[in-house]
Number of protein chains: 2
Amino acid sequence: MSLPYLKSLEAVDAALQAGSLKQAAAALSITPAAAGQRIKALEEFLGVDLLVRTRAGLRAAPELEGALPHLQRAFAELKLAADALDLQRTDEIRIAAVSDWADLWLTPRLAQFRARHPNVMFAINGAGDAPQRIGRVDCEVVFAPLEEKSTGRSPAGETDILFHDYLAPVGSPANERRVRASPDAERLEGFPLLHLDFYKDDAEALTWPDWIARYGGRFTAPERGIRFQRVTTALEAVRSDAGFVIAGLALLADHIARAEVSLPFPAAAGQWTAGAFQARYRPGALRKPAMRAFRKWLSAEAAASAERVAALVASH
Amino acid sequence: MSLPYLKSLEAVDAALQAGSLKQAAAALSITPAAAGQRIKALEEFLGVDLLVRTRAGLRAAPELEGALPHLQRAFAELKLAADALDLQRTDEIRIAAVSDWADLWLTPRLAQFRARHPNVMFAINGAGDAPQRIGRVDCEVVFAPLEEKSTGRSPAGETDILFHDYLAPVGSPANERRVRASPDAERLEGFPLLHLDFYKDDAEALTWPDWIARYGGRFTAPERGIRFQRVTTALEAVRSDAGFVIAGLALLADHIARAEVSLPFPAAAGQWTAGAFQARYRPGALRKPAMRAFRKWLSAEAAASAERVAALVASH
DNA sequence: ATCTCAATAAAGAAAAACTTTAGTATAGGG
DNA sequence: CCCTATACTAAAGTTTTTCTTTATTGAGAT
């Protein structure tokens, strides 16, 4: 028992509720012309005018009388159903992201997106202004090796590569000054080396032993020192002059720009990661306009960020 | 408050009611694949499974529980609304036709269409197997002058020209035989002339005075005699040997073929009408598949009929 | 009369929905 | 255990619907 003209009926209901096509159209987020077309299609099919257009607004035509109460109840119920399913709240974006990326990269930039899209709510790693709801996250951000397109079937959903990171030693400005004073050969002499595990699974991961071997002269037992799982905590340590750490500049670009941390050595003495930060979108998530906008924005911001790191590496 | 995924919700409701996608699809007159897609689209959008697919059929997923009663009520109400509007009965065709055409031409042929489309119901000029309903007729058949395409705007809706008619004297077979025996000059001598007003507004209308002047020799006061408004009644008069009438052969072709009436003179002694029988379809009416089929059939039948009259005129 | 606003018409563009074809899993029968 | 029938799913491509844009009409207000 297919029932055709669902959208026409919706428009009729909306028009009667709103009192004018224009307002009904606004309520349905379509143009007035489209609203008129929906209604007209049904009227033509039935060969009856369903709405009486009067100067004072719209009224139900007598032919509609029998159906109108049903219509109104039907759409009221549908609205309840939609609420129960959270169909309405299309303006919520749920993100699960590796927390360092979220804290260091996304959060500072997000204000900008939110300024442009004031009614989009976020839930990032469970926290945020969007209430907890049914359903999985819309977007997942990870640092991972690049997946071969051909490797099996893609895991359903689109994946954007945001940016690679660039690993290089980072220290506090104070420590940087001290290092600059030392001769090259023993420049790291006396500074504790901090180790960050965040990138350790990367195929091109740069460790202190690697770095020393390539650029660094002498240093006894470069593999020793405090290990950090998270970039954020390593960053805190560096800022309190605890030593140098090899970290990804992409996540720290802002801190470097604000001179909260600095590069003690030429940035060229570093290494691009093989993997990259990647955003994976749940299939279906991109149906929401808000998600499409977010994806576009995220990709653009990521590109800008990559650009900036590349410039930093080239110039420094 | 636009509510998206209306069709998805409809499919969910139908699937739960039917117990299987296949049956739901049948109920919605779509393919099972389409039904699955509708549901899947919504599930993806929400990021939740709404239906639990089990060997024993489909069940509502827990996530759906809150919404399900609303959904069911909503679609039940919609169905009521649709019934009230007769949205369902798509297989009814309402025709308003000039009654002579309906009685003499359409009705005899309609059986053939009905054989092909057994579940299409007709209401012709208010009578028929289709119940009385709201709304205007779907198709109007008139005998009228040809409208210039350019004359103003078309009166909304498509118009098909069915066939022109051919006016010529018609009589009963008995009278025909008697006429054939008479010499040409006084061949109409002694026969009452019957006058049919049906075609009188046509630009090329052929009347008895016209005919006598052109083909007929002498006849005193050819404009006198009984006048008939309708072809059917004139036909009755002719069949009871009341005299000769100038009538349209297109409507009488069957009667001529069955030798119920006959042409007392060569058919070439006649005149094509300027106007034609025309079918005007209400805008929107052709959305119904049944209407499209009817239109196609009607046009084909009309063409065949025109062909037949032309052959009759040429041969006789 | 002229202006403004809402509604309508028409055309083209965009998005949704559908069918087709092919493929996968599962239950029942040999 | 294997085969087959059945229901569902996936992907691709096509058709239909729906929407926006642009222009026009018509009614009421200035």
Side-chain angles (χ1 to χ4, degrees), chain A residues 2-12 14-16 18-45 49-59 61 90 149 152-158 283-284 286-289 291-292, chain B residues 2-12 14-16 18-45 49-59 61 90 152-158 283-284 286-289 292:
Chain A
S2 153
L3 58 101
Y5 293 100
L6 261 180
K7 303 207 142 183
S8 295
L9 293 172
E10 183 189 16
V12 167
L16 284 174
S20 84
L21 281 194
K22 193 181 186 185
Q23 287 173 271
L28 298 172
S29 337
I30 57 179
T31 58
Q37 284 173 30
R38 280 192 185 183
I39 294 171
K40 178 159 243 296
L42 180 55
E43 288 180 328
E44 282 195 346
F45 174 82
D49 279 357
L50 296 175
L51 299 182
V52 183
R53 282 84 165 166
T54 155
R55 65 238 81 198
L58 297 173
R59 263 209 343 277
T90 279
K149 280 272 181 185
R153 32 176 324 160
S154 71
E158 309 237 21
L286 292 172
R287 290 169 184 272
K288 311 184 198 177
M291 277 307 294
R292 281 202 282 263
Chain B
S2 153
L3 58 102
Y5 293 99
L6 260 179
K7 301 205 140 185
S8 295
L9 293 172
E10 183 189 16
V12 168
L16 284 174
S20 86
L21 282 194
K22 193 182 185 184
Q23 288 174 272
L28 298 172
S29 336
I30 57 180
T31 59
Q37 283 172 33
R38 280 192 184 183
I39 294 170
K40 180 158 239 297
L42 180 55
E43 287 180 329
E44 281 195 347
F45 174 83
D49 277 359
L50 296 176
L51 299 183
V52 184
R53 281 84 165 167
T54 157
R55 66 237 79 206
L58 297 172
R59 265 208 343 279
T90 279
R153 31 171 329 157
S154 71
E158 309 236 22
L286 292 172
R287 290 170 184 271
K288 311 184 197 178
R292 282 201 282 261

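Note on naming: letters A, B, ... go to the chains in the order of the sequence lines (proteins, then strands), and numbering restarts at 1 for each one. What you are looking at is a predicted structure, and each value in this text was computed from that prediction instead of being measured. When reading the values below, keep in mind they use all heavy atoms of this one structure, side chains included, and skip hydrogens, waters and symmetry mates.
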Quiz item: Which residues in residues 33-43 of chain A have at least one heavy atom lying under 4.0 Å from any atom of DNA chain C?
Solution: A/Ala33, A/Gln37, A/Lys40
Quiz item: To the nearest Å, how far apart are A/Leu21 CG and D/dG26 C1'?
Solution: 15 Å
List, one per line, each side-chain donor-acceptor pair under 3.5 Å for residues 32-40 of chain A, sequence neighbours excluded.
residue	atom	partner	partner atom	Å
A/Arg38	NH1	A/Lys7	O	3.3
A/Arg38	NH1	A/Glu10	OE1	3.1

Quiz item: How long is the line joining CG of A/Leu6 and P of C/dA16, in whole Å?
Solution: 16 Å
Quiz item: Do you know the tightest heavy-atom contact between B/Ala61 and B/Val52?
Solution: CA-CG2, 3.7 Å
Self-check item: Given C/dT19, D/dT9, D/dT18, the nucleotide with the shortest approach to the side chain of B/Thr31
Solution: C/dT19
Quiz item: Taking CD from B/Glu44 and C1' from C/dA16, how many angstroms apart are they, rounded to a whole number?
Solution: 15 Å
Exercise. Starting at atom OH of A/Tyr5, determine the distance to atom C1' of C/dA17, rounded to an integer number of angstrom.
Key: 15 Å
Practice problem: Return the value, rounded to whole Å, for the distance between atom CZ of A/Phe45 and atom P of D/dT16. | Solution: 17 Å
Exercise. For A/Leu28 and D/dT20, give me the distance from atom CG to atom C1', rounded to whole Å.
Key: 15 Å
Quiz prompt | Nearest-angstrom distance from the residue atom CD of A/Glu10 to C1' of D/dT17 | solution = 14 Å
Quiz item: Among C/dA17, D/dT20, C/dT19, which nucleotide sits nearest the side chain of A/Ile30?
Solution: D/dT20
Practice problem: In whole angstrom, give the distance that lies between atom CG of B/Leu51 and atom C1' of D/dT9. | Solution: 14 Å
Practice problem: Write down the atom of A/Ser8, the atom of A/Ala41, and the distance for their closest heavy-atom approach. | Solution: OG-CB, 4.4 Å
Quiz item: At what distance, to the nearest 0.5 angstrom, does CG of B/Leu50 lie from CG of B/Leu58?
Solution: 11.5 Å
Practice problem: Measure from the side chain of B/Lys22, starting at C-beta and using heavy atoms only, and say which of C/dC18, D/dC8, C/dA7 lies closest. | Solution: D/dC8
Quiz item: Is the phosphate of D/dT9, meaning OP1 or OP2, less than 4.0 Å from a side-chain N or O of B/Arg53?
Solution: yes
Exercise. Calculate, to the nearest 0.5 Å, the distance between atoms CD and CG belonging to A/Glu44 and A/Asp49 respectively.
Key: 10.0 Å
Practice problem: May I ask you to decide if B/Leu51's main-chain N or O and B/Arg53's side chain share a donor-acceptor pair within less than 3.5 Å? | Solution: yes
